[in-house]
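See structure below.
Computed from a predicted structure; not experimentally measured. Convention: sequence-line order gives letters A, B, ...; per-chain numbering from 1.
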Amino acid sequence: MTDRIFIGVAWPYANGPMHLGTLAGCLLPADIFARYHRLRGNQVLMVSGSDEHGTPITIKAEKEGVSPQVIVDRYHKQHTESLKKLGIVFENFTRTSTDFHKKIAQDMFLRLYEKGYVYPKKMEIFYCLTCKRFLPDRYVVGKCPRCDGNARGDQCDYCGKTMGLDELVDPRCSTCGEPPEIREALHLFFKLSHFEKQLDEWLSDKEFWKPNVLNFSRNWIKEGLQDRAISRDLEWGISIPLQGFTHQCIYVWFEAVIGYFSASQEWAYLRGEPERWKEWWMDTATAKHYYFLAKDNIPFHSIIWPAILMGYGNLQLPYDIPANEYLTLSGEQFSKSKGFGIWLPDILQRFNPDAIRYYLSINMPEKHDTDWSWKDFIAKTNNELVNTYGNFVHRVLVFAHKNFGVIPPLGDLESGDTEILEEIYKTVDTVASSIHQCHFKQGIKECMRLAQAGNKYFNDNAPWKLITDKPKRCQTVLHICLKILKALAILTTPYMPHQASQVWKMLGHGDSIGNYDWDEATRDVKKLQLPEPVVLFKKIEESSVGEDIKKEIFPHLDLQLAEITQVKKHPRSDSLYVLSIKLKKEKRKIVAGIKKWYSPEELVGKKAVVLTNIVPAVIKGITSHGMLIAAQGNRICALFTGEGKPGDHIFIQTLARNPQSSLELKDFQKLKMTTDKEGYILYKKQRLQTKKGYIYTDKKIPEGSRVI
RNA sequence: AGCGGGGUGGGGUAGUCAGGAAAACCCGUCGGGCCCAUAACCCGAAGAUCCAUGGUUCAAAUCCAUGCCCCGCUACCA
């Protein structure tokens, strides 16, 4: 019997291009899952869309001097194109700015209001007189009353103190810099607290969830659910359909999740069967709802969205939320707002989408954060995808095409044959159950294992000898190899759909692999004419990511941002200082020869770049545990500084950090780093950075100055 | 600070929830085979006190406790 599978994918925000993390954590697992279920003959409804409302989009539009609509149109189009290239297939990928969504979001809002789950309450908010708008927390900056550090909104960046609006010292609007005033405003609150018990009960039988998702959600409830404001003073959003509130908008987190519901209805409407969505949302017996998202989004889907659905009544609740962890880049986190990451439109231009899908599948952040490293991407693509898998497909097809031209018949079986045949059947089952349980990494690994077993089988039987000695036997061996290929084509379809259909064609099928189901993987191979095979995947040249990675010593450096806490003169030298510096946790002493250029007053409190893993050196009697990095040119010396906290790592995007325990000075001196005309520090034409931004000199210095 | 994740051969990971025979996989190193294939494929070898200490057990990488060290979140970013 067929199941109905609803798949909701977290809505990518339309203020910039999508990055790899979204693909790895949300889109790809969802697509694998959906494709698998479609192959299984289940009815799949997979929806998502661009999340197009909210302040960040307004701000971006203002910066560019265009209307928000221009921004969201641009990125929605770009998102759609990226998805198409990647082969991520939705039943409906829509956007939150449609009238359709607006109407349904407002209906849902009203229904909750009518049932008493939404109620008005007064609250205090910052209002900027210059910008003429209310300011969300993150758009107010000021000083922390406790540590005097920079604080944003209701929390101090530095010491982490949370505070009320009135506690923030010297608050400023982050856009115009003017002090805002506190205004009282009437807002609408969602009565989340009302659903506490109901949610707890609903979660009680979710033992099959990923432990982190379940524990996180249960803890949230245990700590007590607070009612949340769901109205905002914005012009860019869905207006609240209530008298007295029409100047306000529905808060985006509230409105965006409703998109799952509206996108389903829109899908039904667009295909001319406007009632079909009910099969997924109201037929609670057969429909299962899955949501694919990243860990930061868990409570919205495991608490708030279910509460909305409960409040609305009679709608299907999530069945599973197999949330993923994060994908990091060279060990640092992706960030859309900081512009740090790998963007889908960019990487799709450079690499085969199936290669990207492969690497992200085998390296998926299912249980913990995983790292996208360019080096590893190249290694896995070349060694596993190209060599093991691609070459197996190729050698079999080339051999069969050259010697037979058709798929040869199966003769008498030997023991090795039955073994490999069983291996096929076993793999088909394990891949199925892996995907079924959302263990995507395991599934693709099983596919690779079968390809490897195929290689072994091919080698052991040496058909290139059999072709002259025992042609009949050779036919059987090749028949079995082609059977493996057929199974692999089906099994890898969810992971790498493009190559799968290519293999399918090369096996002599005149029709699309899309016409077949999962069980086709084990059905007999027919005598089909084989076309001329072509290569599936080409190796990635190391130069295509721009670096000679192997001899690279840059990754061995452990460069960190350090705060200088104390400056003393070196007792035995006129040019040296002894600096106390603070890293993430530890404190160190380092000796630096910058007395000529900096006074102690200038240095204390400064953030500077320090090489922390250099072998400690005794300099005129004092041991220096690290080395201050500076640029020198034309008799000027400058230190480097940048955004971030003490201990933050400094790196470049294309090389993963891999610090050695101790680095010789001469190794460091081999590296050529220079400054550019804007004062950024370059290594191999790339700027060094923290995750918060680039590293730069603290004073003007000639372009091309050596870094020492 | 609070919350979450992690520490497994030289590098990268799996295994840990439901404790049990030789700790699995990819890369790298060394040796061998093969030569159909994208200089690819196959076999073998070296290499791990599975972070530390203590505990539970006939049996611990796996369970419990404590400690050390990394990383992330606590931003309307997946």
Mind checking whether A/Phe300 and A/Trp253 have parallel, tilted or perpendicular rings, split at 30° and 60°?
tilted

Taking 4.0 angstrom as the limit, do A/Asp460 and A/Lys456 come out as a salt bridge?
yes

If you only use heavy atoms from C-beta on, which nucleotide in B/C35, B/G15, B/C76 is closest to the side chain of A/Pro56?
B/C76

Between A/Lys465 and B/C34, does any side-chain N or O lie under 4.0 Å from OP1 or OP2?
no

Closest of B/C35, B/C42, B/U38 to the A/Val535 side chain is B/U38

How would you label the contact of A/Phe392 with the nucleic acid (heavy atoms, under 4.0 Å): base, sugar-phosphate, or nothing?
nothing

Hey, does A/Asn391 reach any base, or is it just sugar-phosphate, or nothing, if we go heavy atoms under 4.0 Å?
base

Do the rings of A/Phe33 and A/Phe292 sit parallel, tilted or perpendicular, given the 30° and 60° boundaries?
tilted

Under 4.0 Å between any heavy atoms, over every strand shown, what does A/Lys402 touch: base, sugar-phosphate, or nothing? Just pick one.
sugar-phosphate

For the rings on A/Phe254 and A/Phe190, is their centre-to-centre separation under 6.0 Å?
yes

When you compare the ring of A/Phe399 with the six-membered ring of B/C36's base, are the centres less than 5.5 Å apart and the planes under 30° from each other?
no

If you assign each of A/Lys441 and A/Leu536 to its closest nucleotide in RNA chain B, which residue comes earlier from the 5' end?
A/Lys441

Nearest heavy atom decides the nucleotide; on that basis, is A/Val398 or A/Gly21 closer to the 5' end of RNA chain B?
A/Val398

So what does A/His394 hit on the nucleic acid, given a heavy-atom distance under 4.0 Å: a base, only sugar-phosphate, or nothing?
base

By the 4.0 Å heavy-atom rule, please label A/Phe537 as base, sugar-phosphate, or nothing.
base

Tell me what A/Gly390 touches on the nucleic acid: a base, only sugar-phosphate, or nothing, going by heavy atoms under 4.0 Å.
base

Is the distance from the ring center of A/Phe377 to that of A/Trp372 below 6.0 Å?
yes

May I ask you to verify whether the side chain of A/Asn455 and the base of B/C42 hold a donor-acceptor pair under 3.5 Å?
no

Need one value for A/Gln442: base, sugar-phosphate or nothing, where a base atom within 4.0 Å counts as base even if backbone is also close, heavy atoms only.
nothing

